[in-house]
Protein chains: 2
Amino acid sequence: MAIRRAGEPNRGGLALPGGFIHLDEDLETAARRELREETGLEVDYLEQVGTYGAPDRDPRARTFAVLYLAVLPNLPEGSTGKDADAIWMPVDELLAADLPFDHHQMLTDAIERARSKLEYTPIAASFCRPVFTIGDLRRVYEIVWGKHLNPANFQRKVQSVEGFVRETGDVVSEGRGRPAKTYTLGDVTTLHPPLRR
Amino acid sequence: MAIRRAGEPNRGGLALPGGFIHLDEDLETAARRELREETGLEVDYLEQVGTYGAPDRDPRARTFAVLYLAVLPNLPEGSTGKDADAIWMPVDELLAADLPFDHHQMLTDAIERARSKLEYTPIAASFCRPVFTIGDLRRVYEIVWGKHLNPANFQRKVQSVEGFVRETGDVVSEGRGRPAKTYTLGDVTTLHPPLRR
DNA sequence: TAAATAGTGTCTGTTAGACACTATCCG
DNA sequence: CGGATAGTGTCTAACAGACACTATTTA
């Protein structure tokens, strides 16, 4: 997600959302609040990626930025927010944009973190509806990792990870092709073994 | 490494080294400087682990701590430093100590980071002399990971990682047992495949 | 010689990927 | 029927751990 910058430098350009922490706030609480103010959304999952503190990273003042990766499976249509315009776009478009400060590096770091989260956690399922098919899950992996995965092998790999998914017993037909079995998310927080890229 | 605290809280107790960043300093530069001031040593390798900013983490004032992991292969004997007493000790002793603020959590996070560095990078070799044996290397892994490794399998595993180590052609006898071939560090920065724990 | 460490051979079970094949839908 | 997607079977190459065995030293 990006915002349109309201002030200089780069007024009107795109940037990563953010803001200043309050005196009585935790880092994660502040990240949640900023995202809520700029998108109106509550985030389920946040993860600290890193801290950026080069003396010249912001020409206006000495600042430190603590970068968080937020997982937001259900995006609203169009733009939202009150502080600034929240704009949803594919990451490669945002990477190609002219981002201010050290935001390009931040975005690169966050993308890498997101990709590796999919290997070790069942977080991809949160981008699917509560009841999903293995094909749904595979499409999330393919989008985030940016590469095609073999459906047959993916099928088995997911099912071999204990506690990743739980069969519902139902099947669903999604237009074309053989109807797929449906699953709900299991109860593990870490995938053993991980799904390697 | 720990220091003896000069001030309250927990005066005279152990704590992780640290200090305040200067206005014109990068985060990593500040970490290097603090370590130099407290130990007199130059560090070769630093890695940011995370940032800690709970509002009550320091009762004296609102602070943020950016934690760095430093790799210091050549420790001097005894204590060093001018600001405070630098004390070298095994991490489990330090973990068992009564550390102030959120330093226990920091230490836990840093240890986990160090362990995983050994899987993906040739950093363990920096704890050996420039010319070392596979046995030397194995002992570093055994200490950091805290478990015994099969010498035969470790041997092959290290040699199968392209660019990890380079044979010198010499052998060295270290007291007991058959003399070992010696190696120097290769030129890779990442191990493919990684040495799994 | 015994004990210790280095290094090789080899077996076994697991895994990853490739790909053929079957199953079941839609139009 | 053909095309699309789901799911299974199976083969192969790579890999990891266990462990027997050889090699070479010191005490």
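We name chains A, B, ... by the order of the sequence lines, and we start the count at 1 in each one. This one's a predicted model, so the numbers in the text were calculated from it and none came from an experiment. Any value given below was found using the heavy atoms of this structure, including those in side chains, with hydrogens, waters and symmetry copies removed.
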Student: How close or far is atom P of C:dG7 from atom CD of B:Gln159, stated in whole angstroms?
Tutor: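 Checked: the CD to P distance equals 7 Å.
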Student: To the nearest 0.5 Å, how far apart are OH in B:Tyr141 and CG in B:Asp136?
Tutor: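 Output value for this atom pair is 13.0 Å.
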Student: Side-chain donor-acceptor pair under 3.5 Å between A:Tyr120 and A:Arg196, yes or no?
Tutor: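 Yes, side-chain donor-acceptor contact under 3.5 Å.
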Student: Determine which pairs satisfy ring-ring contact (aromatic ring centres under 6.0 Å, His included) with at least one residue from residues 24-75 of chain B, sequence neighbours left out, and list them in order.
Tutor: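 For residues 24-75 of chain B: none.
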Student: If you round to the nearest 0.5 Å, how far is CD1 of B:Ile123 from CG of B:Asp44?
Tutor: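 So the gap between those two atoms works out to 7.5 Å.
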Student: Tell me the interatomic distance from A:Glu167, atom CD, to D:dA6, atom C1', rounded to whole angstroms.
Tutor: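 Rounding to the nearest Å, CD of A:Glu167 and C1' of D:dA6 are 12 Å apart.
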Student: Tell me whether the side-chain N/O atoms of B:Gln155 come closer than 4.0 Å to OP1 or OP2 in C:dA6.
Tutor: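 Checking C:dA6 against B:Gln155, no side-chain N or O comes under 4.0 Å of OP1 or OP2.
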Student: Without placing hydrogens or testing angles, list every side-chain donor-acceptor pair under 3.5 Å for residues 155-167 of chain A, not counting sequence neighbours.
Tutor:
| unit_1 | atom_1 | unit_2 | atom_2 | d |
| --- | --- | --- | --- | --- |
| A:Arg156 | NH2 | A:Asn153 | OD1 | 3.0 |
| A:Gln159 | NE2 | A:Tyr183 | OH | 2.6 |
| A:Ser160 | OG | A:Lys157 | O | 2.8 |

Student: On a heavy-atom basis, which atom in B:Pro100 and which in B:Asn10 lie closest, and how many Å separate them?
Tutor: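 Minimum heavy-atom separation between B:Pro100 and B:Asn10: CD-ND2, 3.7 Å.
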Student: How close do A:Gly53 and B:Leu27 get, heavy atom to heavy atom, and via which atoms?
Tutor: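 Closest approach of A:Gly53 to B:Leu27, heavy atoms only: N-CD1, 3.6 Å.
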Student: Could you grab the distance from atom CZ of B:Arg36 to atom OG1 of B:Thr29, nearest 0.5 Å is fine?
Tutor: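 Rounded to the nearest 0.5 Å, the CZ-OG1 separation comes to 9.0 Å.
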Student: Which parts of residues 131-153 of chain A get close to DNA chain C, meaning a heavy atom less than 4.0 angstrom away?
Tutor: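 Going residue by residue through residues 131-153 of chain A, the ones with a heavy atom under 4.0 Å of DNA chain C turn out to be A:Asn150, A:Ala152, A:Asn153.
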Student: Hey, could you give me the CZ/CG distance between A:Arg139 and A:Leu137, rounded to the nearest 0.5 Å?
Tutor: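 Going from CZ on A:Arg139 over to CG on A:Leu137, the span is 10.0 Å.
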Student: Measure from the side-chain heavy atoms of B:Lys181 and tell me the nearest of C:dG17, D:dT8, C:dG7.
Tutor: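 Among the listed nucleotides, the one closest to the side chain of B:Lys181 is C:dG7.
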Student: Report yes if some heavy atom in the side chain of B:Leu35 is under 4.5 Å from a heavy atom in the side chain of B:Leu46; otherwise report no.
Tutor: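 No; the side chains remain at least 4.5 Å from each other.
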Student: Report the residues that fulfil ring pair (Phe, Tyr, Trp, His ring centres under 6.0 Å) with B:Phe101, sequence neighbours left out, ordered by chain and then residue number.
Tutor: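 For B:Phe101 the ring pair (Phe, Tyr, Trp, His ring centres under 6.0 Å) partners, ignoring immediate neighbours, are B:His103.
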Student: Extract from the structure each pairing of a protein N or O with an N or O of nucleotides 24-27 of chain D at less than 3.5 Å, listing the distance.
Tutor:
| unit_1 | atom_1 | unit_2 | atom_2 | d |
| --- | --- | --- | --- | --- |
| D:dT24 | O2 | B:Arg178 | N | 3.1 |
| D:dT25 | O2 | B:Gly177 | N | 3.3 |
| D:dT26 | O4' | B:Gly175 | O | 3.3 |

Student: Return the residues of residues 115-124 of chain B meeting this criterion: a heavy atom under 4.0 Å from some atom of DNA chain D. Order them by number, or give none.
Tutor: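 Residues of residues 115-124 of chain B that come under 4.0 Å of DNA chain D do not exist, since none gets that close.
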Student: Base of D:dG9, side chain of A:Arg156 - is there a donor-acceptor contact under 3.5 Å?
Tutor: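 Answer is yes: a donor-acceptor pair is held.
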